[in-house]
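What follows is a set of notes on a single structure, which appears directly below.
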Amino acid sequence: MQDSTKRQSALDNAFALRGGFLASMFNGPSGVAGGAEPGAPGAVFGDPTTEFFGGAGRPDGPTVPAGAVPGGGSPDLDPAVAELGRVAEQTHRRTATVRAEQQRLADLLGRLALPVSAMDFESQLRSYEPRPYPDGPPGAEAEREPRWEDFVPPERTGEPDAAPTRRLLDSGYQRELAQARLAHQRALRRFRTERAAAPDPAEAAARLAHEQAEQARARAVQEYNDSLEECRRAYREAEPAAVESLLERALAAAEAATPDLPATCRAVFRPLTRTAVLDLDLPPLELVPSLEGYRLSGDGEITPVPRPGADRAADYLRLVSRLALRALQAVDAVDTDDILAGVVLNGWLREPGATCLLTVDADRDALARTRLLPAVEFVEEEAEPGVYAAAEQDEALVQLRELGAAVSPDPYARAAVRPSAVAGAAVPAVTDLSCGEFAVLVRELFTRGGLSDWSVRLRGRSGLVATGSGAPGSALPGRWVICASRRPDEVGAPEVRTLAEAVEEESAGNGLWLTTGGFTEEALDLVDTEPYRRIHLADGAGFRALAETHLGLPLSVTAP
């Protein structure tokens with residue numbers, strides 16, 4: 001009982017010496033919020049909005065005054081209480097540092113949600129405006145042309161009641177005025193004569209240097225605009241180097257909006273499918289804070305409070321989804337002539353090994369839906385764990401999923417996703433194309449072969465099902481159902497029967513199965529029977545022949 005009374009007295013002295021320090025830290029006279037004992041589990045310190053820090057988020061609050069720490073000079077303060085105050089203050093400082101990191105992440109998320117500015121050719125043109133040569137430094141009276149105002153006779157004083165008209169009739173004033181005009185004319189004539197007869201060599205050299213500098217500026221602007229016009233011509237002709245240069249400029253300009261978050265993005269343009277393949281370097285996983293803060297344990301030790309793994313993964317996915325959307329917006333904004341038919345974006349985590357955490361395969365129409373992404377205000381909710389809302393409700397991730405994106409379920413476990421396409425050769429094998437690229441390639445093959453009213457009914461990684469109509473007398477007359485696949489396995493008889501059923505449902509006249517591989521013997525025998533004579537088959541050799549005929553490309557139907 002006596003020890004308890006003595007400890008309470010020491011605590012009262014500590015509160016008096018600290019001037020409210022411990023009270024503000026523990027939110028109550030009993031030591032912790034809600035009356036818990038100091039150091040009890042669950043007492044998390046670190047709200048940076050308390051009066052201890054003098055304002056929100058200040059990790060550099062006032063130091064502990066003398067008397068509240070060991071060696072402070074107060075003989076009445078219990079050393080254990082002073083040590084507890086010191087450790088509590090250190091807990092606050094560490095937690096404030098964590099909260100500052102969380103605030104930085106929130107700021108990054110807000111800036112990444114802002115729409116990007118279009119960086120097309122028109123915005124990159126430069127203009128030349130000539131700069132006039134300065135006449136001379138202000139106040140240089142010797143080099144200034146004489147002015148009449150400097151020679152006008154001064155007003156007479158001592159005659160306040162004299163009217164201006166009477167002064168003009170004064171013979172004395174008239175003589176002064178005539179002498180002033182004569183003096184001004186002489187000064188003006190002398191100035192002009194001296195300037196014409198003996199020009200200043202230094203001024204002449206300065207004027208010449210100014211004119212040469214202006215001519216150089218004009219030439220530089222003209223040469224830059226000419227080169228830009230040449231790049232525009234090459235871009236409109238879909239030359240890969242020109243398209244890639246324009247895309248990477250736009251991506252670099254978007255990246256410059258957040259210099260504290262480097263996210264390099266490289267572009268490869270494939271004229272075969274008019275598709276750009278983007279490789280986006282994702283930020284390190286450590287960018288998202290792993291702690292909620294710090295607390296005092298029961299034995300007075302500072303213990304970190306980790307964030308739930310799901311919250312941390314949600315914040316990282318929210319960050320990378322905004323980076324991906326920003327890159328897609330930049331590409332869409334710069335492609336003013338609709339050269340691109342689609343974009344494939346892969347998000348790579350490079351350290352320690354390359355892991356694909358995000359992939360998007362968006363066609364031209366889907367790409368336009370990434371333009372409007374309003375800024376989101378993030379509000380901390382005390383009732384839920386984590387700093388922000390659930391990742392599945394985040395607008396950026398919702399937009400990506402509407403584009404058919406594949407996103408890693410757990411980035412911190414390095415759960416990889418399969419890239420939609422890999423930035424490799426400009427003319428890759430058919431099996432290396434993305435779903436969108438494969439659909440574009442098949443459409444080009446058959447529309448140039450005579451089919452119109454092309455409509456894709458089903459599309460997946462293995463292939464697609466589409467319909468089209470050919471004019472009478474063309475190579476493919478009537479209505480057709482097209483099945484195009486790039487599966488490694490051979491197409492069997494059941495698949496051929498399914499195609500025949502689709503022809504009946506679509507009221508089409510013929511069906512064609514196009515594959516990069518081959519067909520089984522049963523499938524080949526089936527199309528020779530009467531019910532299936534409207535079904536036509538084309539294997540890998542036929543695929544290559546169609547590409548050579550209609551596209552002029554030596555297409556490879558298998559991966560090298």
Side-chain angles (χ1 to χ4, degrees), residues 270 272-275 338 340-344 361-367 403-404 420-421 428-519 523 526-527 532-551 553 555 557:
R270 300 207 279 226
L272 171 68
T273 56
R274 294 188 299 119
T275 299
D338 293 343
L340 299 179
V343 175
V344 174
D361 182 12
D363 58 20
R364 183 70 202 185
D365 296 334
L367 203 61
L403 296 176
S420 299
V430 173
T431 52
D432 292 334
L433 299 177
S434 70
C435 299
E437 288 183 284
F438 185 71
V440 169
L441 175 63
V442 174
R443 183 188 63 191
E444 289 293 321
L445 283 175
F446 288 100
T447 54
R448 294 189 185 186
L451 290 185
S452 58
D453 299 329
W454 184 262
S455 175
V456 177
R457 301 304 177 88
L458 184 64
R459 191 184 83 176
R461 185 174 290 275
S462 298
L464 60 89
V465 178
T467 60
S469 301
S474 64
L476 299 172
R479 184 170 176 80
W480 289 72
V481 176
I482 307 296
C483 287
S485 66
R486 49 177 178 171
R487 295 178 300 178
D489 300 333
E490 291 182 332
V491 178
E495 288 85 351
V496 175
R497 294 190 182 93
T498 302
L499 174 58
E501 294 175 0
V503 170
E504 293 293 335
E505 293 176 0
E506 293 288 340
S507 301
N510 297 278
L512 173 64
W513 195 294
L514 180 69
T515 179
T516 58
F519 299 92
L526 185 63
V527 297
Y532 297 95
R533 292 191 181 278
R534 295 185 302 168
I535 305 302
H536 305 270
L537 306 179
D539 56 8
F543 209 135
R544 286 192 297 269
L546 285 173
E548 185 69 28
T549 302
H550 300 299
L551 301 179
L553 293 174
L555 191 65
V557 297

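Counting begins at 1 with the first residue of the sequence.
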Result of checking W480, F519, W513 against H536 for ring-ring contact (aromatic ring centres under 6.0 Å, His included):
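Among W480, F519, W513, the one that satisfies the ring-ring contact (aromatic ring centres under 6.0 Å, His included) with H536 is W480.
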
Using a strict 4.0 Å threshold on nitrogen-to-oxygen distance, state whether R497 and E501 make a salt bridge.
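Judged by the 4.0 Å cut-off on N to carboxylate O distance, R497 and E501 do not form a salt bridge.
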
N-O pairing of E505 and R457 below 4.0 Å:
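Looking at R457 together with E505, the answer is no, because their closest N to O distance does not fall below 4.0 Å.
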
Between [atom1] of [X] and [atom2] of [Y], what distance do you get to the nearest 0.5 Å?
{"X": "L340", "Y": "R274", "atom1": "CG", "atom2": "CZ", "value": "8.0 Å"}
{"X": "L464", "Y": "R443", "atom1": "CG", "atom2": "CZ", "value": "11.0 Å"}
{"X": "D539", "Y": "T516", "atom1": "CG", "atom2": "OG1", "value": "10.0 Å"}
{"X": "L441", "Y": "L272", "atom1": "CG", "atom2": "CG", "value": "5.5 Å"}
{"X": "I535", "Y": "N510", "atom1": "CD1", "atom2": "CG", "value": "7.5 Å"}
{"X": "E495", "Y": "T515", "atom1": "CD", "atom2": "OG1", "value": "9.5 Å"}

On the 0 to 90° scale, with breaks at 30° and 60°, tag the F438-F543 ring pair as parallel, tilted or perpendicular.
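Answer is tilted, since the angle falls between 30° and 60°.
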
Mind checking whether V481 and L512 have side chains closer than 4.5 Å, heavy atoms only?
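The answer is no; the side chains never approach within 4.5 Å.
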
Could you walk me through whether S469 and S452 pass side chain to side chain donor-acceptor pair (under 3.5 Å), step by step?
CA-CA 5 Å; S469 301; S452 58; 5.7 Å; no

Can you tell me if [X] uses its side chain to pair, donor with acceptor, with the backbone of [Y] under 3.5 Å?
{"X": "T275", "Y": "T273", "answer": "yes"}
{"X": "D363", "Y": "G342", "answer": "no"}
{"X": "T549", "Y": "L546", "answer": "no"}
{"X": "R486", "Y": "L433", "answer": "yes"}
{"X": "D361", "Y": "S434", "answer": "no"}

Determine whether the side chains of S462 and S485 contain a donor N or O and an acceptor N or O closer than 3.5 Å.
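Side chains of S462 and S485: no pair found under 3.5 Å.
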
Taking all non-hydrogen atoms of both residues, which atom of V503 and which atom of G509 are closest, and how far apart?
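Closest heavy-atom pair between V503 and G509: CG1-C, 4.5 Å.
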
If I compare all heavy atoms of A493 with all of A523, which pair ends up nearest, and what's the gap?
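Nearest pair, atom of A493 first, then A523: N-CB, 3.9 Å.
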
